[in-house]
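Every chain is numbered from 1, with letters handed out A, B, ... down the list of sequences. Quantities reported herein were computed from a predicted structural model and do not represent experimental measurements.
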2 protein chains.
Amino acid sequence: MSNLDQGRVATRSTETTRTALIKAATSVFAEYGYDGGSVRLITQRAIANQAAVNYHFGGKDGLYREVLIEATRAFEENAFLDPEELDSLSPENALRRYLHQFLLPLVKRDRVSRYLRIFAWESVRPSEVFSAFVAHSPPRIFVLAERVVRRFLPRDASAETVTFAMLWLAQQPMFFVREAERLAQPPFSLKFDDDALERLVDTLAALSLRGLAGV
Amino acid sequence: MSNLDQGRVATRSTETTRTALIKAATSVFAEYGYDGGSVRLITQRAIANQAAVNYHFGGKDGLYREVLIEATRAFEENAFLDPEELDSLSPENALRRYLHQFLLPLVKRDRVSRYLRIFAWESVRPSEVFSAFVAHSPPRIFVLAERVVRRFLPRDASAETVTFAMLWLAQQPMFFVREAERLAQPPFSLKFDDDALERLVDTLAALSLRGLAGV
DNA sequence: TTCCGCTTCAAACGGCCGTTTGAATTTCGG
DNA sequence: CCGAAATTCAAACGGCCGTTTGAAGCGGAA
């Protein structure tokens, strides 16, 4: 039995335990994935009892669901971009704005890197919890990317061409954000501070806009 | 104790068991990753005894090493591209050749999809076996991508710009190959036969060459 | 102070894990 | 066909897994 539907207000102690468990679970799941991350390790890092996971969250999956909720919340904060804002800009500026927004996690890496790793795990083998979680929310990054490329492509472009171009654009920032940890090490050694981020936006915008021949 | 250093020639039966185990291990590791894939499931699919893994390969890690050897071998076959061949082509044709070569797994998917999934697992959390395996072989795809972009970029381009552009190009085919299974499902529903592959090469080549503004 | 519900806790449960063991079986040169 | 080596096999080992259990600790209302 869990306490999920009890009426009492949460005591300080309760909230402390819950918070510590979610925080520890975030790092453990980021490190080892959902299947690979153990409740024992989580409760050990949170300095809590093993049974606390089942008591407060109903089980390992319930705890993971809380982590996913927090992860998407943090992401919406850091990478929020209004679709209509894109339409109000020139195509070139819409492109730059799109790239900048979705490359932002590069410099806020400490805060969102764990969430990025969790999403990376899910991209290899989606857990049931995750699948159910994102079932009814289409990835915003694709929607916005399509809006940007439509500003450039001719009206008679085939649906396939639009999809190709949309995916082509969408995965450009995704790659750098996802692989940031690897790119920070040799042989690349790319460290992304604010200036480097601007240079990356410039380079990607130039390449996407005019291609290799126009750099 | 294993039979790894015995002098006898492999019997038909030995080779049958080894082959069946490697094949089963490939599908299991592709599905669940190295940590998540169990020896019990592998030997069950191979219709072999659990102890056979330790007897023939010295353990789970030895079997995984064989899978990685086979995976890279299959990859070098399917995506081999001579660096000097790129230099002999015009920049435009070198770009097309590069994209075509590294998008090839899209249509040979049945043969290499399992290997792609294994590499995807390793990209999230490299196993010790994998790290040791690739320690002294730089990813060919990056080397070739740099060769291509250098044909286009001005001589005085900064090292950082070259790296950005190289990564930008390298991950374009990687994305489509890695995400092919997801792209085959709604809402994208992209099926890659030979014709679709050519159209994708065309689109990516045009976008990379002249950018969004030049399509 | 007594009581009662919330929370913590140590221990145990059943299950799957990779590996080891030692005997049974098969293979193959002599 | 015999005997030794190679291979297969069922069983067991110790360890980690998520979850359950029931008692103990705790805090606020009566």
Side-chain angles (χ1 to χ4, degrees), chain A residues 1-25 28-29 31-67 121 125 127-130, chain B residues 1-25 28-29 31-67 121 125 127-130:
Chain A
M1 182 62 81
S2 84
N3 74 334
L4 293 180
D5 1 41
Q6 72 204 18
R8 241 241 238 151
V9 293
T11 64
R12 195 198 77 87
S13 169
T14 297
E15 208 44 40
T16 301
T17 303
R18 281 182 55 97
T19 306
L21 283 174
I22 292 176
K23 183 178 175 185
V28 169
F29 288 141
E31 205 164 338
Y32 302 100
Y34 175 66
D35 287 331
S38 78
V39 171
R40 277 173 173 81
L41 180 56
I42 292 171
T43 53
Q44 183 179 320
R45 289 194 186 175
I47 316 180
N49 189 271
Q50 282 185 40
V53 168
N54 295 275
Y55 179 77
H56 286 287
F57 302 97
K60 185 186 183 183
D61 58 341
L63 174 55
Y64 188 53
R65 197 171 294 112
E66 292 299 315
V67 172
W121 281 107
R125 178 162 245 271
S127 67
E128 291 186 14
V129 177
F130 182 81
Chain B
M1 182 62 79
S2 84
N3 74 336
L4 292 180
D5 359 41
Q6 73 205 16
R8 243 237 239 156
V9 292
T11 64
R12 196 197 78 87
S13 169
T14 297
E15 210 42 43
T16 300
T17 304
R18 282 182 55 97
T19 306
L21 283 173
I22 293 176
K23 183 178 174 184
V28 169
F29 288 141
E31 204 165 339
Y32 302 100
Y34 175 65
D35 287 330
S38 79
V39 171
R40 276 174 174 80
L41 180 55
I42 292 170
T43 53
Q44 183 179 321
R45 289 194 185 177
I47 317 180
N49 190 271
Q50 280 185 43
V53 168
N54 297 275
Y55 179 77
H56 286 286
F57 302 97
K60 185 186 183 183
D61 58 342
L63 174 56
Y64 188 52
R65 197 171 295 113
E66 293 297 316
V67 172
W121 281 106
R125 178 163 245 268
S127 66
E128 291 186 14
V129 177
F130 183 81

Item checked: Pair listing, salt bridge (Lys or Arg N to Asp or Glu O under 4.0 Å) test, anchored in residues 41-57 of chain B, at least two apart -> B:Glu31-B:Arg45
Notebook entry, point to check: Could you give the CD-to-P distance, from A:Glu15 to C:dT7, as a whole number of Å?
Noted result: 10 Å
Check: Would you say C:dT8 has OP1 or OP2 under 4.0 Å from some side-chain N or O of A:Thr17?
Finding: yes
Note to self: Side-chain N or O of B:His56 versus OP1/OP2 of D:dA6: is the shortest distance under 4.0 Å?
What the structure shows: no
Notebook entry, point to check: Does a side-chain heavy-atom distance below 4.5 Å link B:Leu41 with B:Tyr32?
Noted result: yes
Next item on the list: Rounded to the nearest angstrom, tell me the gap between atom CG in B:Leu21 and atom P in C:dT19.
Entry: 13 Å
Item checked: Nearest-Å distance for atom pair CZ/P, residues B:Phe57 and D:dT8 -> 11 Å
Margin query: Once pairs are restricted to Watson-Crick or G-U wobble with both distances under 3.5 Å, how does DNA chain D read as a dot-bracket string, [ ] for crossings and | for other-strand pairs?
Written below: ||||||||||||||||||||||||||||||
Margin query: Applying salt bridge (Lys or Arg N to Asp or Glu O under 4.0 Å) as the test, list every pair that has at least one member in residues 53-63 of chain B; sequence neighbours left out.
Written below: none
Check: What pairs with A:Tyr64 under side-chain hydrogen bond (donor to acceptor under 3.5 Å, both in side chains), at least two apart in sequence or on another chain?
Finding: A:Glu122
Notebook entry, point to check: Would you say B:Ile42 and B:Phe29 make side-chain contact, with heavy atoms under 4.5 Å?
Noted result: yes
Item checked: Validation row: B:Phe57, B:Arg18 side chains within 4.5 angstrom (heavy atoms) -> yes
Notebook entry, point to check: What is the distance, rounded to the nearest whole Å, between atom OH of A:Tyr55 and atom P of C:dG5?
Noted result: 12 Å
Checklist line | Reading 5' to 3' through nucleotides 11-18 of chain C, protein heavy-atom contacts under 4.0 Å coded B for base, S for sugar-phosphate only, - for none | finding: -B----BB
Check: Excluding sequence neighbours, so at least two apart, what forms salt bridge (charged side-chain N to carboxylate O under 4.0 Å, His left out) with B:Arg40?
Finding: none
Margin query: So, using side-chain hydrogen bond (donor to acceptor under 3.5 Å, both in side chains) as the criterion, who are the partners of A:Gln44 when residues are at least two apart?
Written below: none
